[in-house]
Amino acid sequence: MELLLEREYYPLGTDGILSSGGIFLCFTIELPWRKNQRNISCIPEGRYPLAIRFSKRHRLHLQVMDVPERSLILIHKANNALKELAGCIAPVRESVSPGIGKDSVTAFKALMKQVCESMEKEEAVWLRISRLTDRYGHTT
């Protein structure tokens, strides 16, 4: 399974659209791009394997593996990137403004269900991150 995260970059946050096989799954929020600096930047565009991870704080969630010069990049619940994320990615049901979303709990549960089903079939799950392009091939 490959998830596609298409991003738009803003000074106060990075917004994304997450899909799989051309089917919309949810929106995402992240920190702004700050040259991949630890805890204050979203991660670079690229293709990354995902793994299931458990912690007391986030319970069952996803970890983005093999991120250059970064570690513990997670996909977990959050509605405000600047207040709740330290380089991680949060799925949200609604995008409100750059880096801010609504109903992360619902979006996260739906995403985890789909990813866990693929992993139970022993399928590798990948996250491909790119800049959002419009239907005419221009980047935003």
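Since the model is a prediction, treat every value here as computed from it, not as a measurement.
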Sequence-distant partners of Y48, ring pair (Phe, Tyr, Trp, His ring centres under 6.0 Å), two or more places apart: none
In this structure, would [X] and [Y] fall into the same cluster of hydrophobic residues linked by side-chain contacts under 4.5 Å?
| X | Y | answer |
| --- | --- | --- |
| I29 | Y10 | no |
| L132 | L4 | no |
| L60 | M119 | yes |
| L3 | I75 | yes |
| L85 | L74 | no |

Centres of the H76 and H61 rings: under 6.0 Å? no
side-chain hydrogen bond (donor to acceptor under 3.5 Å, both in side chains) with K113: which residues, sequence neighbours excluded?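 For K113, the residues satisfying side-chain hydrogen bond (donor to acceptor under 3.5 Å, both in side chains) (neighbours in sequence not counted) are E117.
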What are the two closest non-hydrogen atoms of [X] and [Y], and how far apart are they?
| X | Y | value |
| --- | --- | --- |
| P91 | L111 | CG-CD2, 4.2 Å |
| G99 | D15 | N-OD1, 2.9 Å |
| I43 | E30 | N-OE1, 4.4 Å |
| V67 | P44 | CG1-CD, 4.2 Å |
| S55 | H58 | OG-N, 3.0 Å |
| N79 | E84 | N-OE2, 2.9 Å |

Can you confirm whether [X] sits close enough to [Y] that some side-chain heavy atom of one is under 4.5 Å from a side-chain heavy atom of the other?
| X | Y | result |
| --- | --- | --- |
| I89 | L127 | yes |
| R7 | S130 | no |
| C42 | Y9 | yes |

Going from [atom1] on [X] to [atom2] on [Y], what distance comes out if it is rounded to the nearest 0.5 angstrom?
| X | Y | atom1 | atom2 | result |
| --- | --- | --- | --- | --- |
| R70 | N36 | CZ | CG | 4.5 Å |
| L50 | Q63 | CG | CD | 9.5 Å |
| S104 | N80 | OG | CG | 11.0 Å |
| Q37 | L31 | CD | CG | 11.0 Å |
| F27 | E8 | CZ | CD | 10.0 Å |
| T14 | R34 | OG1 | CZ | 9.0 Å |

ILVMFWY clustering at 4.5 Å (side-chain atoms), partners of I100: V96
Could you point out which residue of L72, L5, I73 forms a side-chain contact (heavy atoms from CB on, under 4.5 Å) with V64? I73
salt_bridge(R47, E2) N-O dist < 4.0 Å: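 A salt bridge links R47 with E2.
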Residues R38, E69: salt bridge by 4.0 Å N-O rule: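 Here R38 does not pair with E69 in a salt bridge, since their nearest N and O are not under 4.0 Å apart.
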